[in-house]
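Notes follow the structure.
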Amino acid sequence: MSESPVLLNKHEVERLLTYDDLIPRLESVMGKFSKRDSSEIIQPVRSVVPIQQHSGFLGVMPAYLAAEGILCTKIVTFYQRAEGSSLPSTQATVLLFHPEHGHVTAIMDGEAITAKRTAAVSAISAKLFKPALSEVLCILGSGQQARSHYDVFTKLFKFKEVTSMKTGNTSKSFKMCFCVCDPVLYTLQVRVWSRRKEMAQRFVNDLQDPVTVCSSVKEAVIGADVIVTATGASQPILFGEWVKPGAHIAAVGACRPDWRELDDVLMREAVVYVDSREGATAESGDIILSGAEVFAELGEVLNGSFPARREKTTVFKSLGMGIQDAVSAKLVLEKWNGEH
Ligand SMILES: NC(=O)C1=CN([C@@H]2O[C@H](COP(=O)(O)OP(=O)(O)OC[C@H]3O[C@@H](n4cnc5c(N)ncnc54)[C@H](O)[C@@H]3O)[C@@H](O)[C@H]2O)C=CC1
Ligand SMILES: O=C([O-])C1=[NH+]CCC1
């Protein structure tokens, strides 16, 4: 008889899954995935069941990683929620199986995994594609993904923007720090926009570090070097005409073939990277409806088959992959096993 599966709740998964451990595993698995060796990795495009009556979707995301001995599936629901709803719009459970015997070895919360692995993958894209001198980060949206992206981007990268010496404003939104190599005061600069300004303000109130709340997308993105779009929008909110040439956009929302976050101008002018070509051509409205050409998968850059065109405006269109959940869940289980 197989042992009962390990059950891990959101709190435990959040505690055990750290970006430092996760990022190298994601880089490795995405690089391998992009070699399309089916004796190594099998990951079909997600199956999605629309729940039209309730503006929701159920997705099933299986993956098998032979060399790592990981057999996994995530079951995820995502809903278009009214602003301020107390229910999370993305909820998930991840199941790990014994690849040889087929029984379930672990059942764990997938909300924390989804939040952290998505943000970690966007951070990998930023590491590869953001301009060498990136001073301003802009986050569109103030939900779960916005928060995990804020956490990992500010952990990995430093953003700053020159500010006038005279505006020595030391409020929460503008914490000053002194740069010893240049006698100018700098402001650590992160900007957030959300549909309702009070939601963006609530987001900022939970943070230790200074973040500027913006009243419009245009105000938030003008001059930004890195832009994260993490919204439930189904129509474009980010327009190419506002985007600084050379900026990097990590586009996380709009995961349906008829949903958009980015307009045609941006999609056609940027060099477009995706997590999976099959996923992008089946599920991304930004790609399908704009007719934009996909330049490469993130994994193809990670495994050296395609270049990172950092000098251009770049879009990384993320949809989420079962292999990302699989390596995250395995990491969580390994850590848990190490403690018990
Ligand atoms: N690429 C990936 O791997 C993943 C993508 N997602 C997608 O990322 C997006 C954000 O997910 P969560 O942070 O979990 O959701 P959330 O509900 O926590 O946050 C959504 C944010 O989008 C805003 N928003 C909703 N409708 C909007 C509209 N029409 N225009 C502008 N803003 C709007 C909300 O105000 C909120 O700030 C969703 O589209 C979700 O499906 C979620 C998980 C993984
Ligand atoms: O990868 C994922 O879990 C999701 N992508 C879009 C909604 C959920």
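Worth knowing before you read on, the calculation uses all heavy atoms, side chains too, and leaves out hydrogens, waters and symmetry mates. As the structure lists them, so they are numbered: ligands from 1, and atoms in each ligand from 1.
- Of the N or O atoms in S234, none lie within a sub-3.5 Å distance of an N or O in ligand 1.
- Residue W193 has no N or O atom closer than 3.5 Å to an N or O atom of ligand 1.
- In terms of polar-atom proximity, G320 is counted as a contact of ligand 1, with an N or O under 3.5 Å from an N or O of the ligand.
- Remark: ligand 1 and V252 share an N or O pair separated by less than 3.5 Å (distance only, no angle test).
- With atom 19 (O) of ligand 1 as the reference point, the heavy atom nearest to it among G143, A250, P236 is part of G143.
- Annotation: S89 places an N or O atom under 3.5 Å from an N or O atom of ligand 1; distance criterion only.
- Ligand 2 is approached by R46 to a heavy-atom distance shorter than 4.0 Å.
- The nearest protein atom to atom 23 (C) of ligand 1, hydrogens excluded, is given as G232 N, 3.8 Å; this is a heavy-atom distance.
- Considering all non-hydrogen atoms of both residues, L331 and D21 come closest at CD2-CB, 3.6 Å.
- Comparing T229, I237, V192, T118 against atom 4 (C) of ligand 1, the shortest heavy-atom distance belongs to T118.
- The part of R195 lying near ligand 1 is the side chain, judged by heavy-atom distances below 4.0 Å.
- The C255 neighbourhood of ligand 2 comprises atoms 6 (C), with distances under 4.0 Å to a heavy atom of that residue.
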